[in-house]
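Input: a single structure, listed below in structure tokens.
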Amino acid sequence: MVALTDTGRRRHEERKAFLLDALHTSLGHLDTDAVDTASEVPGRLVDIYDRL
């Protein structure tokens, strides 16, 4: 059995809060269509590299 310690859980929550803030700061100005379009790029890159 594996479980987070209290310290691990606090660290996880700190990192989650940092990530949400960073994403909001960096991407909050984008509309849904822009995010949807941008999210296609990594998948297409994977497809290209898989064909190499």
| task | Could you give me the CA-CA distance, side-chain angles and deciding distance for R11 and E14, then say whether side chain to side chain contact (heavy atoms under 4.5 Å, CB included) is met? | result | CA-CA 5 Å; R11 180 65 180 132; E14 289 169 358; 3.7 Å; yes
Using residues 22-30 as the side-chain source, report each donor-acceptor pair under 3.5 Å to any protein atom, sequence neighbours left out, with the distance given to one decimal.
{"from": "T25", "atom 1": "OG1", "to": "D21", "atom 2": "O", "distance (Å)": "2.9"}
{"from": "S26", "atom 1": "OG", "to": "A22", "atom 2": "O", "distance (Å)": "3.1"}

What pairs of donor and acceptor atoms, side-chain ones from residues 33-42 against any protein atom, are under 3.5 angstrom apart with sequence neighbours left out?
{"from": "T37", "atom 1": "OG1", "to": "D33", "atom 2": "O", "distance (Å)": "3.0"}
{"from": "S39", "atom 1": "OG", "to": "V35", "atom 2": "O", "distance (Å)": "3.3"}
{"from": "S39", "atom 1": "OG", "to": "D36", "atom 2": "O", "distance (Å)": "2.7"}
{"from": "E40", "atom 1": "OE1", "to": "R44", "atom 2": "NH2", "distance (Å)": "3.0"}

| message | Which residues pass the side-chain contact (heavy atoms from CB on, under 4.5 Å) test with R10, not counting sequence neighbours? | response | D6, T7
